Amino acid sequence: MAAPNRPQKASKGSSKGAAKGSTKESFVDLKTQTQAQESVLQYTKLTDIPGGVQRLHDTFHDTQKTHSIQYRLNQLRNVYFKLKDNKEQLAEALVKDFGRVAAETRILELTGCLNEITHIMANLHKWIKPEAVKDLPINMITNPVYIERIPLGVVLVISSFNYPLLVSLSPIVGAIAAGNVVVFKPSESTPHFSQLYTKLLTEALDDDIFFTVNGAIPETTKVLEQKFDKIMYTGNNIVGTIIAKKAAETLTPVILELGGKSPAFVLSDTLDKDLKTIARRIVWGRFTNGGQSCVAVDYVLVHETRKAKLVQEIIGILKDEFYPNITKDNENYTHLIHDRSFGNLKKILEATSGKVVYGGDTDSSSRYISPTVIDNVDWDDSTMKGEIFGPILPILTYSDLKVALKKLTSTHDTPLAQYIFTSGSTSRAKNPEIDTILRTVRSGGTMINDVLMHFALRAAPFGGIGNSGQGAYHGWYTFRQFTHERTTVEQQLWNEFALKSRYPPFTEAKIKLVESSQADYNGRVWFGRTGNVAINGPGALFSTWTGIAGIAALVYYFAGTL
């Protein structure tokens, strides 16, 4: 049940809990859309939200249908074919929303999402099996001890506009695979896509396990007033902070996938013959999706001896290969999502103290900013105040890597990604400069000699650290995020004679028996009070001898309690 979209006004509830100044303004500005967009997306009635969420709570607890692996697989199957059968329509919807190149939707989102569904379906029967606990103490060694991964319950997924399929489908299918029911709030900034996408998901999934909330600030505020067992949000730090504060009121855990300024280092050892390839990869990593990627190359930090040649190659790639004779009508170039984003980026261009060496053209009617390269940028430039999230590439130069890293960590620490380009060894063990960067910069992910692709790995965790987020997902890691790892011990009743030593009244013999039954290596250690501790742990001889001695001591102390 939904109501037609309407112009949104900031209500008292929508700004409740927001920080002063920019926080409130940024949250309110999320409503900015053209009049044409406002007629597309059907907003959920505010009065329907509490009942919709409660329906899922009731389903999860009363029917317990999501505990069946067969049921989960069938639901995932339905989603797979619904998306596969509507690929063209989904891509076309994003063309309408912000000129997203259809090929980018197919390459960067649809293919990966379908692959992730099949990956989860192929492995779910293994992931759901209880995991035996090893290295048990002697007093527990005969008992079945294992970890069950049980569903959390009702989870809320709030997604962003820039990759609206990829950043929402992965947590949705992962949560369902884990046995949860899902409330989904997509971005209102992509009205054509959100309207179609939520319609398709609603058709594919049972009403008992899936509920969509479409809308803007009032709807988001209302849904956050409901109780959930976990919340996942993808977007910016300002809104992420608001959601985390709201979730903390009910001790609800959150996964936050945020952003940050992800640097691309071009080291001093790069060779002239490699700079064109490096430039091509950097350009792709900055300007794909109109620069609106959380893991985009946000700026380049290049050694002073490599800078002039690299800038020349970047301009050549843009001018001759990727976007020759580009205008606002180019069908291979994605535009900005809304007027707020366009306005912010135009202000950055107008305020920069660097030199615009390529691009800089703008058109407000179509929210177009041409691919722009700005040279001679310093750390205080307008382009370096925060995440750019658009088609602007600042170039910074360094001479001393350690000095540059100190400046980086003091201004834009914990980026979501970092990219390092070198003509030398890609191994940190063999390349001291790479090792220095990786030890200094705490990034969510790292790629050496490439960009972006780690985000698409279905079998590796993707997530941020610090200001760039918390929690990681994709494939198995999404499954883990949406389950509780519950330790289960199967104890017997017949062995009470062996357990009586734990009960009062206590004697020295009882205490020694309990201590002996719990101690590894018969209470001995393989390291001294000084000197280096062996990196590889205790040796085989030490482990064997102390293990035998431990069993003998256990028998001895047990006899003393009889």
Side-chain angles (χ1 to χ4, degrees), residues 5 30 32-43 79 82-117 157-173 184-204 212 214-216 234-236 257 259 284 286-296 323 328-342 345 363 365-369 371 389-391 452 455-456:
N5 193 354
L30 289 175
T32 305
Q33 300 292 338
T34 64
Q35 190 63 42
Q37 287 175 322
E38 288 178 345
S39 66
V40 175
L41 184 61
Q42 300 298 302
Y43 281 19
V79 173
K82 184 64 72 172
L83 295 181
K84 185 175 183 179
D85 294 342
N86 291 276
K87 290 192 296 184
E88 291 77 12
Q89 294 91 325
L90 290 165
E92 181 60 29
L94 289 173
V95 174
K96 294 177 182 177
D97 283 330
F98 64 117
R100 157 73 85 76
V101 179
E104 288 184 342
T105 298
R106 293 179 60 185
I107 294 171
L108 299 176
E109 295 204 76
L110 282 161
T111 299
C113 285
L114 292 173
N115 287 341
E116 182 155 8
I117 295 174
V157 175
I158 305 176
S159 66
S160 61
F161 75 85
N162 57 331
Y163 292 95
L165 181 63
L166 192 60
V167 301
S168 64
L169 190 72
S170 181
I172 288 172
V173 297
F184 175 43
K185 167 60 180 72
S187 173
E188 71 276 16
S189 296
T190 51
H192 294 88
F193 177 86
S194 293
Q195 183 66 27
L196 173 61
Y197 182 44
T198 54
K199 174 179 177 291
L200 296 176
L201 289 178
T202 300
E203 292 173 351
T212 294
N214 274 316
T234 302
N236 64 59
E257 293 302 327
W284 181 67
R286 169 70 275 180
F287 299 105
T288 288
N289 200 35
Q292 298 163 109
S293 302
C294 58
V295 289
Y323 309 111
K328 65 183 178 63
D329 300 316
N330 190 304
E331 295 182 354
N332 283 309
Y333 185 69
T334 300
H335 291 211
L336 298 173
I337 186 65
H338 45 50
D339 293 340
R340 176 172 58 88
S341 178
F342 175 85
L345 291 174
D363 179 72
S365 63
S366 61
R367 300 192 296 269
Y368 165 80
I369 295 180
F389 220 71
L452 306 188
F455 178 65

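Residues take their numbers from the sequence shown, with the count starting at 1. Here the structure is a predicted model, which means the values were calculated and not measured.
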Test your reading of the model: is there a side-chain donor-acceptor pair from Asn289 to the backbone of Gln292, 3.5 Å cut-off?
yes
So which heavy atom on Thr111 is nearest to which on Arg106, and how close?
OG1-O, 3.0 Å
Got Pro371 and Tyr333 here, is their nearest side-chain heavy-atom distance under 4.5 Å?
yes
Who pairs with Glu203 by salt bridge (Lys or Arg N to Asp or Glu O under 4.0 Å), at least two apart in sequence or on another chain?
Lys82, Lys199
By the definition side-chain contact (heavy atoms from CB on, under 4.5 Å), identify the one residue from Thr288, Thr334, Ile369 that meets it with Pro391.
Ile369
If I compare all heavy atoms of Leu336 with all of Gly290, which pair ends up nearest, and what's the gap?
CD2-O, 4.2 Å
Answer whether the closest heavy-atom distance between the side chains of Asp339 and Arg367 falls below 4.5 Å.
yes
Restricting to ring-ring contact (aromatic ring centres under 6.0 Å, His included), what partner residues turn up for Phe455, sequence neighbours left out?
Phe462, His474
At their closest point, which heavy atom of Leu201 faces which heavy atom of Val79, and how far apart are they?
CD2-CG1, 4.1 Å
Does any non-hydrogen side-chain atom of Thr105 lie less than 4.5 Å from one of Leu90?
no
To check you understand the geometry: which heavy-atom pair defines the closest contact between Asn214 and Gln42, and what is its length?
CB-O, 3.4 Å
Testing the 3.5 Å rule here: is there a donor-acceptor pair between the side chains of Tyr197 and Thr190?
no
Report yes if some heavy atom in the side chain of Phe389 is under 4.5 Å from a heavy atom in the side chain of Asn162; otherwise report no.
yes
Which residue, Leu114, Leu94, Leu169, forms the side-chain contact (heavy atoms from CB on, under 4.5 Å) with Glu109?
Leu94
Chi angles and distances behind the side-chain contact (heavy atoms from CB on, under 4.5 Å) call for Val167, Glu257:
CA-CA 9 Å; Val167 301; Glu257 293 302 327; over 6 Å; no
So CG of Leu165 and SG of Cys113: to nearest 0.5 Å the spacing works out to 3.5 Å
Separation between CG (Leu110) and NZ (Lys84), nearest 0.5 Å, reads 12.0 Å
Using the ring centroid of each side chain, check whether His335 and Tyr368 are separated by less than 6.0 Å.
yes
Do the side chain of Asn86 and the main chain of Leu200 share a donor and acceptor less than 3.5 angstrom apart?
no
Parallel, tilted or perpendicular: ring planes of Phe161 versus His338, cut at 30 and 60 degrees
tilted
Taking atom CH2 of Trp284 and atom CG of Leu452, what is their separation to the nearest 0.5 Å?
4.5 Å
Expected output: side-chain Arg100 to main-chain Glu92 donor-acceptor under 3.5 Å
no
Output for pair (Phe342 CZ, Ser365 OG), nearest 0.5 Å, gives 8.5 Å
Judged by atom type as modelled, is there a donor-acceptor pair below 3.5 Å linking the side chain of Lys96 to the main-chain atoms of Pro191?
no
Looking only at atom types and distance, does a side-chain atom of Ser170 sit under 3.5 Å from a main-chain N or O of Leu166, one as donor and one as acceptor?
no
Given 3.5 Å as the limit, does a donor-acceptor pair link the side chain of Thr212 with the main chain of Phe184, or not?
no
Between Glu188 and Leu41, what is the shortest heavy-atom contact and its length?
CA-CD2, 3.9 Å
Output for pair (Tyr163 OH, Cys294 SG), nearest 0.5 Å, gives 8.0 Å
Nearest non-hydrogen partners of Gly235 and Ser160, listed with the distance
CA-CB, 4.3 Å
